[in-house]
There are 2 protein chains.
Amino acid sequence: MIQKRAKAVTIKEIATHCDVSPSTVSLVLNGSPKIKKSTRDKVIEAAAMLDYQPNEMARSLVSSRSRCLSVTVPALNHVFSDVYFGEIISGIYQEAQEAGYKILLDIAQESFIAEKEYLNILRNRRADGMLYIASTVEDRFLLEFEEHHDPLMLVNHYFPDSSLNYLSVDYKQAARLCAEHLMELGHRHIGLIVGTNTFTGLDFRDTFFAVCEENGLSKTSLPWTGCTDWDEQDGYTAARKLMSRHPELTAIMAANDRMAIGAMRYLMNKGLHVPEDISVMGVDNIPSAKFTTPGLTTLKMDLFEVGRRSCKRLLEILNGQRTACHELLEPHVILRESTGPARV
Amino acid sequence: MIQKRAKAVTIKEIATHCDVSPSTVSLVLNGSPKIKKSTRDKVIEAAAMLDYQPNEMARSLVSSRSRCLSVTVPALNHVFSDVYFGEIISGIYQEAQEAGYKILLDIAQESFIAEKEYLNILRNRRADGMLYIASTVEDRFLLEFEEHHDPLMLVNHYFPDSSLNYLSVDYKQAARLCAEHLMELGHRHIGLIVGTNTFTGLDFRDTFFAVCEENGLSKTSLPWTGCTDWDEQDGYTAARKLMSRHPELTAIMAANDRMAIGAMRYLMNKGLHVPEDISVMGVDNIPSAKFTTPGLTTLKMDLFEVGRRSCKRLLEILNGQRTACHELLEPHVILRESTGPARV
DNA sequence: TAAATAAATTCAAACGATTTAAACAAGCCC
DNA sequence: GGGCTTGTTTAAATCGTTTGAATTTATTTA
């Protein structure tokens with residue numbers, strides 16, 4: 001037994017009330033200039049009085065535009081609890097809201113992929129466009145969008161050798177900034193903790209090593225540990241692994257702040273002082289990075305802006321003002337207390 | 001110039017293809033038992049072959065159900081970045097997804113309230129029901145729902161003296177557990193940091209004091225500071241204020257973990273040791289509470305479950321299996337290292 | 001075999017808007 | 001007064017489904 005709702009005021013009722021046709025009401029409500037002022041006023045007043053709300057379903061049906069955007073995130077554990085995604089979604093929301101669009105949330109879990117829901121959301125007109133945040137290297141299904149050329153935007157990641165639209169922080173540049181910061185402080189033995197399940201993660205790793213080697217560090221003084229969850233626990237475990245095999249390390253570079261925080265926790269548990277004994281650097285500049293003890297040196301990626309601008313670009317594509325988007329944003333170093341000169 | 005999309009396969013095309021009427025196709029696709037097996041198979045095969053996807057807009061229009069739920073959060077700064085909301089939303093998503101519902105995101109910002117968007121979302125059939133997470137005491141507009149009796153659920157908060165549906169952690173019980181834990185450790189001078197812009201926050205404060213006083217603590221040994229953002233910065237500032245006026249405090253109780261983390265940061269900056277010099281306790285058990293140094297003693301609220309169950313109840317209401325919901329969940333103490341015996 | 005019943009399918013009217021082309025009225029010119 | 005504009009309004013088609021009533025076809029019964 002489905003609960004029945006009080007039926008809403010329709011355009012037809014306004015029409016009856018004003019003694020005009022439904023078409024006239026529609027025209028007025030859509031601001032057509034060809035309706036006489038007196039009629040217009042009459043209709044507008046009636047609409048306000050009856051508290052008319054256009055039925056969005058009917059509207060979408062005839063216009064085949066739902067004024068909704070789908071935001072999809074990978075199926076990580078409690079994914080919305082991750083500030084990383086939160087910042088991006090906040091940015092997307094702001095831009096969408098200003099343009100009169102609603103946000104439809106989705107998680108790319110098994111059934112989502114198996115049943116091709118990622119295609120269907122656009123096909124069945126639930127959403128006009130799609131923003132896919134931070135896929136993993138396994139999300140190859142996204143490549144299907146290449147042939148279907150639906151309005152899709154990859155947010156803060158990309159697929160190498162594909163033509164899919166993306167807007168992302170420049171992770172190669174990020175790696176370069178991190179490497180340079182640590183080397184300037186005299187570090188020659190740096191342990192890297194990085195997620196290896198994203199293309200941006202792999203880019204970060206490869207570029208980080210390349211820049212270090214350019215500056216004369218040897219591969220053997222650059223141990224690293226890969227992981228997949230990108231969370232505090234990952235960082236904690238990775239730090240333990242690195243330190244047990246390489247006690248000579250004077251710095252740990254984590255490819256995001258949550259892992260850096262986990263690593264820092266491990267080091268302090270072991271009685272090491274940060275940064276006197278060992279430096280720790282993160283990436284993302286999440287809000288809590290400012291409130292760790294010591295404060296975390298990190299990279300500001302402005303994920304909010306990444307979200308906002310991705311959404312803006314997608315809307316431009318939907319409006320035909322643009323056909324593609326391949327854009328990178330610059331990160332910046334945020335200096336705090338967790339990095340210092342290498343111990344001698 | 002709006003981009004035009006390749007028009008999708010409709011029920012009519014399947015009909016032509018199978019040489020039956022559109023009605024027959026619809027009936028088959030909705031699993032009606034009154035279609036002959038041979039016809040049924042023919043239609044199903046054709047639908048699969050043509051990769052048919054029902055147009056959800058058309059569907060919603062005729063059924064006046066959108067199979068969407070609106071999730072609304074208060075207009076805090078970058079609200080989706082807050083794990084508190086993230087956990088709840090994750091829980092809501094899971095339940096909704098299993099029931100075949102989509103999630104529509106909203107933020108209760110100025111325009112949302114001024115333009116009565118909160119009513120319109122349900123009126124214009126964008127969503128079938130609404131979940132409103134953690135309102136503030138100022139969100140009195142929600143009371144309008146009382147007379148309109150739309151399917152609304154307040155998630156992890158409530159409005160006193162209203163009949164609105166809610167499902168929330170029991171914050172009075174939470175306050176009791178916290179007070180008892182600290183007093184068992186011998187604390188007699190406890191500073192409280194709490195947001196005063198929510199009813200649950202006010203409940204927490206009042207109950208906390210009541211329990212302490214029941215156990216013989218005097219009001220003067222229980223200073224407190226109110227705030228509104230519930231974040232690390234709030235906790236940091238509040239701790240400073242408390243400690244400068246009341247250096248005799250041996251414990252600080254923060255009404256959520258983010259504020260506790262901020263407070264802890266302040267105390268450590270001042271050279272105080274937690275918990276030897278002063279204990280700190282939080283509420284929520286957010287993931288990073290486990291990775292602070294020292295680990296944060298807190299209350300597990302299971303916000304994911306709060307979200308999941310709120311959504312479940314709302315769906316029950318929508319399905320007519322239930323008419324109201326007023327439910328409280330029990331919190332539990334999570335012992336870590338940030339609380340210890342009061343210094344003497 | 002005709003009539004009555006059952007099963008399968010189709011018709012046609014919604015649902016609530018938008019939009020194009022047609023209708024209508026008024027004013028002007030010749 | 002017929003023909004032409006110009007300015008307003010409206011009828012009717014459309015969007016893609018669902019659904020109760022009507023119709024067709026098949027099966028059973030008398």
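Because the structure is a prediction, the values reported are computed rather than measured. Just so we're on the same page: letters track the sequence lines, and every chain starts at 1.
- Closest heavy-atom contact between A:F159 and A:D139: CZ-O, 3.2 Å.
- Take B:Q97 and apply the side chain to side chain contact (heavy atoms under 4.5 Å, CB included) test, not counting sequence neighbours, and it matches A:Q109, A:S111, B:Y93.
- Within the structure, salt bridge (Lys or Arg N to Asp or Glu O under 4.0 Å) contacts touching residues 107-116 of chain B (residues at least two apart or in different chains) are B:K116-B:E144.
- Contact annotation: B:T24 does not reach the phosphate of C:dT9 (side-chain N/O to OP1 or OP2, under 4.0 Å).
- Annotation for B:D19: atom CG does not count as buried by contact number, only 12 or fewer foreign heavy atoms lying within 6.0 Å.
- When the C1' atom of D:dT17 is taken as reference, atom CZ of B:R67 falls 15 Å away, rounded to whole Å.
- If you take CD of A:E13 and P of C:dG16, they are 9 Å apart, rounded to a whole angstrom.
- One interatomic measurement links the two molecules: CG of B:D41 to P of C:dA8, which rounds to 13 Å at whole-angstrom precision.
- Annotation: proximity of residues 42-63 of chain B to DNA chain C (heavy atom, distance under 4.0 Å) is found for B:L61, B:V62, numbered in ascending order.
- In the model, B:R313 has no side-chain atom that pairs as donor or acceptor with a side-chain atom of B:Y166 under 3.5 Å.
- Close to D:dT9, at under 4.0 Å from its OP1 or OP2, lies no side-chain N or O of A:S23.
- Look at CZ on B:R126: it is 17 Å from P on C:dG16, rounded to the nearest Å.
- For B:S21, a side-chain nitrogen or oxygen approaches OP1 or OP2 of C:dT10 to under 4.0 Å.
- Comment: A:R67 does not engage A:E56 in a salt bridge, judged by the lack of any side-chain N to carboxylate O separation of less than 4.0 angstrom.
- Non-hydrogen atoms lying under 4.0 Å from DNA chain D are contributed by B:S26, B:L27, B:N30, all within residues 25-40 of chain B.
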Got a list of side-chain donor-acceptor pairs under 3.5 Å for residues 41-51 of chain A, not counting sequence neighbours?
unit_1, atom_1, unit_2, atom_2, d
A:D41, OD2, A:K37, NZ, 2.8
A:K42, NZ, A:C18, O, 3.4

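- Annotation: salt bridge (Lys or Arg N to Asp or Glu O under 4.0 Å) contacts involving residues 90-99 of chain A, sequence neighbours excluded, comprise A:E95-A:R308.
- Remark: C1' of D:dA13 and NZ of B:K12 are 11 Å apart, rounded to the nearest angstrom.
- A:N120 has its CG atom 17 Å from the P atom of D:dG16, to the nearest Å.
- Paired with B:I133 under the rule side-chain contact (heavy atoms from CB on, under 4.5 Å), one option of B:T72, B:I89, B:V306, B:V79 passes, and it is B:I89.
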